A.B. asks: 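Below is one structure. I have some questions about it.
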Amino acid sequence: MSYIRAASDTDIDVESGKFELEESTSGIEAWRLNSNGLRVLIAPQAIAPIATVMITYLVGSGDERPGHTGATHFLEHLMFKGSEQFNPAKGTDIFELLQSVGAQVNATTSKDRTNYYATLPVQYLELALQIEADRMRNALLDTGDMEAERTVILNELDRGLNDPIHNLYKELWSTAYTTHPYHHPVIGWRKDVESISQDTLRKFYDTYYWPDNATLSVVGAVDRGEILSLVSRHFGGLPPMPVPPQRPRTTEPAQAAERRITKQGPGHVSVLMIGYRVCEALHQDAAALSILELILASGKSSRLWRRLTDTGLAAQVAAGAMPSRDPGLFHVMAMLVPGRTHAEVEAEIHETIEELQETGPTPEELRRAQSQLAAQEAFMRDGVFGMAAVLNEAIAAGDWRLFAFWREHMERVTASDVTRVAQAYLRPDRRTVAILGPRGG
């Protein structure tokens, strides 16, 4: 089997009707493979002779039903165990094969997507594309592999028990959401991981792993004609999904009042998390919320840093909203200094937010937050993998073009926008408070 494209191969004639150009913006071309609906994003970056190949499936823990939680993450593990062409029995183990050519390889699962990626020398692009095409519809999902990975995932769950802040974050989401699948942790509930069957995973795979539920991003020192030719060769024969998935995107009922949860953890760790239910990533308010999080808790000049760390109440503060396809959570976190109480820290956080709601941000705060956000975005997009990773999250949110227009949206945010979203979303009836204290404390 040849894994390197021969120099004599001819590039695909895009006029032949195999692809349609959907859009070209910010140095990215979006193509659609007509035979099955696969979207292909091509972003040439000729900085070094490397490229990142990343495929994003629109399936995450937010698509799981009770009893089957953890299915998406479980499949992520199994997708590396073998497909018809690439498996250990044939001497073509996926990890070993890619790493043998110098690739950095991994996959991740979130609430809204699963992605698989390899960053590798450009001469081995075809290998990465062959692997993704084969395991898209030909994953083995072998019983023995499944049981081995079940043990791995259960061990992962056990290790997570030793991370009290991570566990509190899970509790925050599962308390803030009672009906929507965002209630479930990405790794799944332990009882579901222990009992999920091979048949259930196969059905889940056959529901979501199709070309028209995926976006293939190729970023790096690549040629558009070569990429389209390779995609046509390896993905063109795959069929589209026979039936669109019935996604369980239940609308979460309105929250009537504040919710609270208290947990105890090992050692002397004391943490306070406050989550507010906010809009989805594609909503017009999302950019203002990103500015708001920086004004509240980014750097020593932020309001919560001055209010909590400078006064010796907290050792660390943070705020943020994870971009999500459906309305998500904006959270504030404070790690308490020993001897301080959750009540006094919580009171200071509420007062800080109320002051911002009343007076809004200063011109200097707004300017600094916009500059910080622009710098963060530039840093995250630096390099072929960084650019692919940011594209991946925009795809998961529902529109890859968010990658192109995010900075423009952020620069248009005004002080009144920040005040308005603070007043609209950071309210007691949208609030969930999660408290972690030491056992016996």
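Throughout, numbering of the chain's residues begins at 1 and tracks the sequence. Keep in mind that what you see is a predicted model, and the values were worked out from it rather than measured. Every heavy atom of this structure was used, including side-chain atoms; hydrogens, water molecules and symmetry mates were not.
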A.B. asks: Answer yes or no: is there a side-chain heavy-atom contact under 4.5 Å between M322 and L329?
C.D. replies: no
A.B. asks: Would you say NE2 of H68 has more than 12 non-hydrogen atoms from neighbouring residues, nucleotides or ligands within 6.0 angstrom?
C.D. replies: no
A.B. asks: Tell me whether K18 forms a cation-pi arrangement with W31, defined as NZ or CZ under 6.0 Å from the six-membered ring centre and within 45 degrees of its axis.
C.D. replies: no
A.B. asks: Indicate whether the side chain of Y169 and that of W173 have a donor and an acceptor atom separated by less than 3.5 Å.
C.D. replies: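 Note: Y169 and W173 side chains meet the donor-acceptor criterion.
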A.B. asks: Within a strict 4.5 Å, meaning less than it, do heavy atoms of the R368 and S301 side chains meet?
C.D. replies: yes
A.B. asks: For M410, does its backbone N or O pair with a side-chain atom of Q370 as donor and acceptor, under 3.5 Å?
C.D. replies: yes
A.B. asks: So how far is it from L228 CG to E29 CD, rounded to the nearest 0.5 Å?
C.D. replies: 8.0 Å
A.B. asks: For residues L272 and I435, report the shortest heavy-atom separation together with the two atoms involved.
C.D. replies: CD1-CG1, 3.8 Å
A.B. asks: Rounded at 0.5 Å granularity, tell me how far CD1 in I353 sits from CG in L292.
C.D. replies: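 Answer rounded to 0.5 Å: 8.0 Å.
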A.B. asks: Can a side-chain donor-acceptor contact be found between Y116 and N106 if the only test is distance below 3.5 angstrom?
C.D. replies: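 N106 vs Y116: no donor-acceptor pair found between side chains.
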A.B. asks: Taking N213 for its side chain and W210 for its backbone only, find out whether a donor-acceptor pair lies under 3.5 Å.
C.D. replies: no
A.B. asks: Determine whether the side chains of T108 and E76 contain a donor N or O and an acceptor N or O closer than 3.5 Å.
C.D. replies: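 On atom types as modelled, these side chains do not qualify, holding no pair under 3.5 Å.
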A.B. asks: Salt bridge or not for R401 and E23, using N-O below 4.0 Å?
C.D. replies: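 Counted as a salt bridge, because a side-chain N and a carboxylate O are separated by less than 4.0 Å.
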A.B. asks: Out of the candidates Y208, Y205, F204, Y209, only one should pair with Y57 under the ring pair (Phe, Tyr, Trp, His ring centres under 6.0 Å) rule; please name it.
C.D. replies: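 Of the listed residues Y208, Y205, F204, Y209, the ring pair (Phe, Tyr, Trp, His ring centres under 6.0 Å) partner of Y57 is Y209.
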A.B. asks: Go through it in stages, so that I can follow the logic: the residues are R260 and T175, the test is side chain to side chain donor-acceptor pair (under 3.5 Å), and I'd like the CA-CA distance, side-chain angles, deciding distance and then a yes or no.
C.D. replies: CA-CA 8 Å; R260 302 184 73 87; T175 304; over 6 Å; no
A.B. asks: Side chains of S232 and S229 only: does a donor on one sit below 3.5 Å from an acceptor on the other?
C.D. replies: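 Checked: S232/S229 side chains show no N/O donor-acceptor pair below 3.5 Å.
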A.B. asks: If we count only N and O atoms by modelled type, under 3.5 Å, do the side chains of R32 and N34 hold a donor and an acceptor together?
C.D. replies: no
A.B. asks: Can you run down the salt bridge (Lys or Arg N to Asp or Glu O under 4.0 Å) pairs that involve residues 160-175, sequence neighbours left out, and say none if there aren't any?
C.D. replies: E171-K263
A.B. asks: Run R190 and D158 through salt bridge (charged side-chain N to carboxylate O under 4.0 Å, His left out) and show every step you take.
C.D. replies: CA-CA 9 Å; R190 187 181 187 90; D158 289 339; 2.8 Å; yes
A.B. asks: Could you walk me through whether D145 and R150 satisfy the salt bridge (charged side-chain N to carboxylate O under 4.0 Å, His left out) test, starting with their C-alpha distance in whole Å, then the side-chain angles of each, then the deciding distance to 0.1 Å, before giving a yes or no?
C.D. replies: CA-CA 8 Å; D145 290 335; R150 193 194 307 274; over 6 Å; no
A.B. asks: My understanding is that only residues two or more places apart in sequence, or in another chain, count here; which of them pass ring-ring contact (aromatic ring centres under 6.0 Å, His included) with H234?
C.D. replies: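 Residues passing ring-ring contact (aromatic ring centres under 6.0 Å, His included) with H234: none at all.
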A.B. asks: Can you tell me how far CD1 of I196 sits from NZ of K191, rounded to the nearest 0.5 angstrom?
C.D. replies: 13.0 Å
A.B. asks: I want to check something: taking the side chain as every heavy atom from C-beta on, are V193 and I187 in contact at a cut-off of under 4.5 Å?
C.D. replies: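 Result no, sub-4.5 Å side-chain heavy-atom pair not found.
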A.B. asks: Going by the ring-ring contact (aromatic ring centres under 6.0 Å, His included) test, which pairs reach into residues 373-399, not counting sequence neighbours?
C.D. replies: Y117-F385
A.B. asks: Could you tell me whether the side chain of S302 reaches within less than 4.5 Å of the side chain of L294, counting heavy atoms only?
C.D. replies: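 The answer is no; the side chains never approach within 4.5 Å.
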A.B. asks: When you check the side-chain N and O atoms of S83 and R137, is any donor under 3.5 Å from an acceptor?
C.D. replies: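 There is no such pair between these side chains.
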A.B. asks: E280 vs R325, test: salt bridge (charged side-chain N to carboxylate O under 4.0 Å, His left out). Steps then yes/no.
C.D. replies: CA-CA 6 Å; E280 66 276 17; R325 198 186 328 169; over 6 Å; no
A.B. asks: Between N115 and T56, is there a side-chain donor-acceptor contact under 3.5 Å, judged purely by atom types and distance?
C.D. replies: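 Absent: no donor and acceptor within the cut-off.
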A.B. asks: Can you classify the ring geometry of H180 versus Y182 as parallel (below 30°), tilted (30 to 60°) or perpendicular (above 60°)?
C.D. replies: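 The rings of H180 and Y182 sit tilted, inter-plane angle from 30° to 60°.
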A.B. asks: Taking the side chain as every heavy atom from C-beta outward, state whether S270 and H342 have any atom pair closer than 4.5 Å.
C.D. replies: yes
A.B. asks: Give a yes or no on whether the backbone of V413 and the side-chain of D417 come within a donor-acceptor separation of less than 3.5 Å.
C.D. replies: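 Such a contact is absent between D417 side chain and V413 backbone.
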A.B. asks: Show the numbers, then the answer: is there a ring-ring contact (aromatic ring centres under 6.0 Å, His included) between W189 and H183?
C.D. replies: CA-CA 10 Å; W189 300 112; H183 170 83; 5.7 Å; yes
A.B. asks: Going through the distances and angles, do K90 and E84 end up as a salt bridge (charged side-chain N to carboxylate O under 4.0 Å, His left out)?
C.D. replies: CA-CA 9 Å; K90 290 187 174 182; E84 288 185 2; over 6 Å; no
A.B. asks: Is the NZ or CZ atom of R431 both under 6.0 Å from the centre of the six-membered ring of Y425 and within 45° of that ring's axis?
C.D. replies: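 The answer is no, since R431 fails at least one limit relative to Y425.
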A.B. asks: Looking at F330, does the NZ or CZ of R277 lie under 6.0 angstrom from its six-membered ring centre and within 45 degrees of the ring axis?
C.D. replies: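 Negative - R277 is either too far from the ring of F330 or too far off its axis.
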A.B. asks: Are side-chain heavy atoms of V332 and L304 found at a separation under 4.5 Å?
C.D. replies: yes
A.B. asks: Ignoring hydrogens and angles, tell me if any N or O in the side chain of E126 forms a donor-acceptor pair with the backbone of L230 under 3.5 Å.
C.D. replies: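 Answer holds: no.
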A.B. asks: Go through the steps to decide whether T178 and E252 satisfy the test side chain to side chain donor-acceptor pair (under 3.5 Å), and finish with yes or no.
C.D. replies: CA-CA 7 Å; T178 60; E252 181 71 19; 3.0 Å; yes
A.B. asks: Do the rings of H409 and F405 sit parallel, tilted or perpendicular, given the 30° and 60° boundaries?
C.D. replies: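 Correct class here is tilted.
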A.B. asks: Under a 3.5 Å distance rule, please check whether N36 uses its side chain to pair with a backbone N or O of L238 as donor and acceptor.
C.D. replies: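 A pair under 3.5 Å: yes.
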